[in-house]
Amino acid sequence: LFSTGTADTCQVTVTQPRFQEADYSAHTVSLTCVFSASGCFPSPPEVLWFRFLTNKHEDLCTPRCTDHQKYEVYISENNISLQINDLTVDDNAVYICGIAFSYSSSPYSKQTGDGTVLTKAEKQHSNGKLVFIFMIIASSLLFLYSTTVFTFFVIYKVSLNILNNLQKISSGRKIFQAIAQELQKQKYVEHWQQPVSIDVLKFMGK
């Protein structure tokens, strides 16, 4: 115990991993917790575990565990672990580790970690795999269909542009031919409208 007049400087820090995943086939899982203490009396602290579910909070070990078959706490120096047995997806929750030096009056002598989010994967049924494979096949077919439609659209647009250009060229040729014919007609008229020479008239009189 601290003597009279001695400041209580006990300070605790607690560290937890943020996430932990368990395979759907796992029956047990161990959640870890590490703490450090400075200025505290060298005696074992109390180890607390509780969890937050979607809509409620549960005390698991404070420090005695409420269900000794379900939960087990192991301590090795500054390393703490909570073993959860008979693991199911219902155990998915946020697990909080707390360390408390109960004799100390320091506000920093009782601290908790940020919590570990435990996630146990659900078993994938064969139907789920078939649906997944079907989705892949459907996506592939849809991609091929979209690619084909896009290709035909591009070919159609290119063909349409070529046809329009050919029509423009044909129209231009027709206009040029009409202009040329008109010029030829004008030259022919001008030629026959010129004055006839006397020699020509004499020749025509013979």
Side-chain angles (χ1 to χ4, degrees), residues 1-140:
L1 297 177
F2 291 99
S3 61
T4 305
T6 303
D8 188 351
T9 59
C10 181
Q11 186 169 353
V12 177
T13 58
V14 182
T15 305
Q16 291 182 252
R18 293 294 297 162
F19 303 96
Q20 183 158 342
E21 294 183 0
D23 189 74
Y24 73 90
S25 61
H27 299 290
T28 62
V29 66
S30 292
L31 306 179
T32 60
C33 168
V34 179
F35 76 92
S36 62
S38 62
C40 303
F41 191 78
S43 62
E46 290 185 344
V47 178
L48 315 172
W49 281 96
F50 51 95
R51 70 180 181 178
F52 285 98
L53 298 170
T54 305
N55 54 3
K56 65 178 180 177
H57 150 265
E58 291 181 348
D59 295 331
L60 305 180
C61 304
T62 59
R64 291 180 177 271
C65 296
T66 56
D67 187 342
H68 295 281
Q69 293 182 347
K70 180 72 174 178
Y71 306 107
E72 297 179 68
V73 176
Y74 296 94
I75 304 174
S76 177
E77 296 183 350
N78 291 358
N79 298 307
I80 313 296
S81 64
L82 173 68
Q83 180 175 304
I84 305 174
N85 302 315
D86 299 325
L87 188 65
T88 68
V89 293
D90 293 331
D91 292 315
N92 291 347
V94 180
Y95 289 79
I96 307 293
C97 172
I99 301 295
F101 286 87
S102 57
Y103 70 86
S104 175
S105 61
S106 170
Y108 305 107
S109 62
K110 303 171 183 64
Q111 298 292 326
T112 63
D114 293 330
T116 299
V117 179
L118 174 63
T119 304
K120 176 182 170 67
E122 295 186 14
K123 185 176 181 180
Q124 295 182 353
H125 300 287
S126 58
N127 290 338
K129 291 183 178 179
L130 290 176
V131 170
F132 180 71
I133 294 173
F134 175 77
M135 289 177 63
I136 293 177
I137 295 174
S139 300
S140 301

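Here the structure is a predicted model, which means the values were calculated and not measured. Note: hydrogens, waters and symmetry copies are ignored here, and every other heavy atom, side chains too, is used. Starting from 1, each residue takes its place in the sequence as its number.
To the nearest 0.5 Å, the span separating CH2 on Trp49 from CG on Leu31 amounts to 5.5 Å. Between the CD atom in Glu122 and the OG1 atom in Thr88 there is a gap of 10.5 Å [rounded to 0.5 Å].
Residues meeting the side chain to side chain contact (heavy atoms under 4.5 Å, CB included) test with Ser30, sequence neighbours left out: Gln83. Legend: residues meeting salt bridge (charged side-chain N to carboxylate O under 4.0 Å, His left out) with Glu58, ordered by chain and number and at least two apart, are Arg51, Lys56. Here Thr54 pairs with nothing under the side chain to side chain contact (heavy atoms under 4.5 Å, CB included) rule; sequence neighbours left out.
Judged by distance alone, with hydrogens and angles left aside, the side-chain atoms of Asn78 form no donor-acceptor pair with the main-chain N or O of Val34 at under 3.5 Å. A distance-only check finds no donor-acceptor pair linking the side chain of Lys120 to the backbone of Asp90 [under 3.5 Å]. The main-chain N or O of Cys97 is found under 3.5 Å from a side-chain atom of Gln16 such that the two form a donor-acceptor pair. With hydrogens and angles ignored, the 3.5 Å screen pairs no side-chain donor or acceptor of Thr62 with any backbone N or O of Asp59. Judged by distance alone, the side chain of Ser106 and the main-chain N or O of Cys10 form a donor-acceptor pair under 3.5 Å. Although no hydrogens or angles enter the test, the distance criterion places a donor-acceptor pair under 3.5 Å between the side chain of Lys70 and the main chain of Asp86. Judged purely by atom type and a 3.5 angstrom limit, Thr116 uses its side chain to pair as donor or acceptor with the backbone of Pro17.
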Exercise for the section: Please assess Thr32 against Ile80 for the test side chain to side chain contact (heavy atoms under 4.5 Å, CB included), listing each intermediate value before the final yes or no. Expected result: CA-CA 6 Å; Thr32 60; Ile80 313 296; over 6 Å; no
Problem - side chain to side chain contact (heavy atoms under 4.5 Å, CB included) between Val117 and Arg18, intermediate numbers included - result: CA-CA 6 Å; Val117 179; Arg18 293 294 297 162; 5.6 Å; no
Problem - Evaluation steps, side-chain hydrogen bond (donor to acceptor under 3.5 Å, both in side chains), between Ser105 and Asp8 - result: CA-CA 7 Å; Ser105 61; Asp8 188 351; 3.3 Å; yes
Exercise for the section: Determine, stepwise, if the pair Asn79 / Phe35 fulfils side chain to side chain contact (heavy atoms under 4.5 Å, CB included). Expected result: CA-CA 7 Å; Asn79 298 307; Phe35 76 92; over 6 Å; no
Handout entry: Residue pair Leu87, Thr28: steps toward the side chain to side chain contact (heavy atoms under 4.5 Å, CB included) verdict
Key = CA-CA 5 Å; Leu87 188 65; Thr28 62; 5.9 Å; no
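Within a 6.0 Å radius of OH in Tyr71, more than 12 heavy atoms belonging to other residues, nucleotides or ligands are found.
Val14 and Cys33 get closest at one heavy-atom pair: CG1-SG, 3.5 Å. Smallest separation of non-hydrogen atoms from Asp91 and Leu118: O-CD2, 3.8 Å. Ala121 and Val89 make their closest contact through O-CG1, 4.3 Å (heavy atoms, listed as atom of the first residue, atom of the second, distance). Taking both residues in full, the closest heavy atoms of Cys40 and Tyr103 are given as C-OH, 3.1 Å, listed atom of the first, atom of the second, then distance. Here the closest non-hydrogen pair linking Ser43 and Phe101 is O-CE2, 3.2 Å. Heavy atoms only, all atoms of each residue included: Gly115 and Val94 are closest at CA-CG1, 4.2 Å.
A donor-acceptor pair shorter than 3.5 Å can be found between the side chains of Glu72 and Asn85. In this structure, a donor-acceptor pair under 3.5 Å is present between the side chains of Ser36 and Thr13.
Below 30°, between 30° and 60°, or above 60°: for Phe50 and His57 the angle between ring planes is above 60°, a perpendicular geometry.
For the pair Lys110 and Val12, the minimum side-chain heavy-atom distance is 4.5 Å or more. Between Cys61 and Thr66 the shortest side-chain heavy-atom distance does not fall below 4.5 Å.
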